[in-house]
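Lettering follows sequence order; numbering is per chain, from 1.
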Amino acid sequence: MQQKLRLYNTLSREKVVFEPINPPFVGMYVCGPTVYNNVHLGNVRTFTSFDILFRYLKHLGYKVRYVRNITDVGHLVNDADDGEDKIGKIAKLENLEPMEIVQRYTTDFHDVMARINNLPPSIEPTATGHLLEQISMIKELLVKGMAYEVNGSVYFSIRKYNDKYTYGELSGRNIDELLGGSRDLDGQDEKQESIDFALWKKATGGHIMRWDSPWSVGFPGWHLECSVMSHKYLGKTFDIHGGGLDLKFPHHECEIAQGTAAHGEHPVKYWLHANMLTVNGQKMSKSLGNSILPDQLFTGNHELLDQSYSPMTLRFAMLQAHYRSTMDISNDALKAAAKAYRKLMNGLRIAKSLEYDESATVDKNDKAISQINSIVDSIYRGLNDDLNTAVAIAGLFNMQKKLNSIHLGQLQPEALDKDTFDRMISTFATISHDVLGLVEEKPQNLENAIDIVLEDYKAAKQAKDYEKVDVIRAKLKEMGLSVKDMKDRIEWAYEE
RNA sequence: GGUCGCGUGGCCGAGCGGCUAGGCAGAGCUCUGCAAAAGCUCGUACAGCGGUUCGAAUCCGCUCGCGACCUCCA
């Protein structure tokens with residue numbers, strides 16, 4: 001394309017031209033879910049935003065390695081380094097193995113991702129699968145003097161780190177304030193500074209998820225896994241790191257510190273953050289208890305919803321907003337999205353059906369040609385401008401007007417030059433389908449359609465129109481269905 | 001309190017110095033057995049008050065509202 005992709009880099013707080021470190025390869029890491037309960041709509045929005053990025057980068061011809069982890073240990077319930085493990089807690093409550101909890105919610109997560117048509121990442125590593133690597137990174141940080149051990153636990157020293165590097169760049173924190181404002185944590189805190197964070201925690205009595213290490217039988221800190229896994233699969237510096245805005249601090253800040261401390265270089269070139277989904281203007285969040293689960297949306301089974309909304313309706317609604325804006329979820333917005341989505345799918349069906357007759361001689365319509373080309377450009381301009389899917393969709397609707405007018409014979413395909421015609425069709429199909437990931441949701445209730453056909457069959461039979469009867473039976477047979485004339489009724493069954 | 005962001009027509013939501021955003025809803029027309037779809041047309045929006053500018057929704061200042069992060073969350 002003419003212009004280049006520009007992305008908003010949280011680190012520099014501006015849109016910058018995307019230039020991979022080693023083109024055509026792109027390394028992209030996105031913080032995945034902690035699998036201690038179901039993902040909610042807000043989580044889905046983040047993963048969908050990065051799915052678009054993944055898809056678009058591929059569309060532009062890059063070879064993308066997309067790594068998205070599953071956090072299955074180390075994420076504590078409350079205080080940064082002094083709570084229960086989220087997964088361990090649920091496991092205890094339900095009297096299950098922690099890995100049963102992990103399995104259950106990982107499966108749910110994958111199921112939701114598939115329904116919403118998010119592509120699977122290239123690699124989906126788990127924290128527990130990388131304990132050796134985590135332990136060796138802790139050793140490295142200890143050797144470099146950036147971490148200290150206390151009673152079998154190891155902490156990262158922000159003060160030591162900040163002596164050599166700068167802590168807080170990503171989130172704009174003032175390190176002195178953070179260091180100065182240390183609060184008393186009941187004197188039970190082992191940390192030198194309250195903002196230091198755990199790399200390894202010694203397991204206390206009730207902690208069921210535990211592993212051996214040089215320091216104690218314990219478990220790794222939450223921030224460590226992402227550093228370790230991104231390093232392992234993408235190298236010490238890689239192109240893109242994404243996640244929800246709420247992970248910017250402290251999680252991503254800690255990742256930067258660990259990576260830089262261990263490898264001497266800032267690990268990430270472009271930091272991208274997706275904004276929050278809100279409910280009645282408030283962030284959707286597990287802790288606020290205002291979550292809506294994907295399944296509740298798909299079934300309509302939630303007090304805030306007055307009907308069900310399909311996976312593609314949700315996807316479309318999300319793409320109508322920019323990923324860096326907050327987006328409010330509401331019945332009105334979803335209903336509008338449901339209609340608009342179906343409209344676009346009608347456009348897609350029309351686009352696929354149009355044909356160009358090269359032998360036809362028709363006067364060229366220069367105005368239409370230039371309009372169509374400028375619409376195509378506007379779509380790419382939108383996507384290149386920090387993934388502005390809203391602008392891209394607006395372009396698709398503008399293009400759909402042209403498709404419709406051809407479909408209705410108001411504009412001859414041959415009034416366009418062949419290149420423009422092809423460009424129009426391929427852009428419409430490729431952007432909506434491949435890049436935005438919008439696919440047709442065919443009606444599920446096939447049985448109703450069959451029943452309608454069988455009504456016809458019955459009527460033809462009564463009219464002794466056996467020619468028609470045979471045709472219907474043959475057509476249904478082609479679909480793998482057989483009609484059964486019972487004594488008092490007509491049934492259908494799968495052709496055996 | 002600190003840091004950051006937002007307030008756009010009935011609703012959702014782009015735009016970020018001059019050029020039609022788009023969708024949903026609504027009105028009119030064309031088409032039409034009825035209907036739907038589709039096409040065309042319409043409403044002239046940018047929280048308020050100042051300022052900069054030939055020109056501001058877009059830049060600056062203030063005011064009012066809302067939100068995020070600051071020991072959990074995508």
| message | Could you tell me if A:Lys401 sits above the aromatic ring of A:Phe397, with its cationic atom closer than 6.0 Å to the ring centre and no more than 45 degrees from the axis? | response | no
Classify the nucleic acid contact of [X] as base, sugar-phosphate or nothing, counting any heavy atom under 4.0 Å across all strands shown.
{"X": "A:Ser405", "result": "nothing"}
{"X": "A:Gly42", "result": "base"}
{"X": "A:His40", "result": "base"}
{"X": "A:Leu344", "result": "nothing"}

Scoring nucleotides 10-33 of chain B by protein non-hydrogen atoms under 4.0 Å (B base, S sugar-phosphate only, - none) yields -SSSSS-----BBSSS--------
With [atom1] as the reference atom in both, quote the distance from [N] to [M] in angstrom, rounded to an integer.
{"N": "B:G65", "M": "B:A47", "atom1": "P", "answer": "16 Å"}
{"N": "B:G22", "M": "B:G9", "atom1": "C1'", "answer": "14 Å"}
{"N": "B:C69", "M": "B:G15", "atom1": "C1'", "answer": "27 Å"}
{"N": "B:G39", "M": "B:U32", "atom1": "C1'", "answer": "13 Å"}

- prompt: Is A:Asp363 atom CG crowded by more than 12 heavy atoms from other residues, nucleotides or ligands, each under 6.0 Å away?
  reply: no
Requested in this report: For A:Leu170 and B:U3, give me the distance from atom CG to atom P, rounded to whole Å.
Outcome: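 Answer to the nearest Å: 17 Å.
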A:Leu403 CG to B:A37 C1', in whole Å, measures 15 Å
Between B:C70, B:A68, B:C4, which nucleotide gets closest to the side-chain atoms of A:Arg13?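 So the nucleotide nearest the side chain must be B:C4.
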| query | Closer to the 5' end of RNA chain B via nearest nucleotide, is it A:Leu288 or A:Arg324? | reply |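 First, find each residue's nearest nucleotide; the 5'-ward one identifies A:Arg324.
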Protein-nucleotides 43-48 of chain B N/O pairs under 3.5 Å:
none

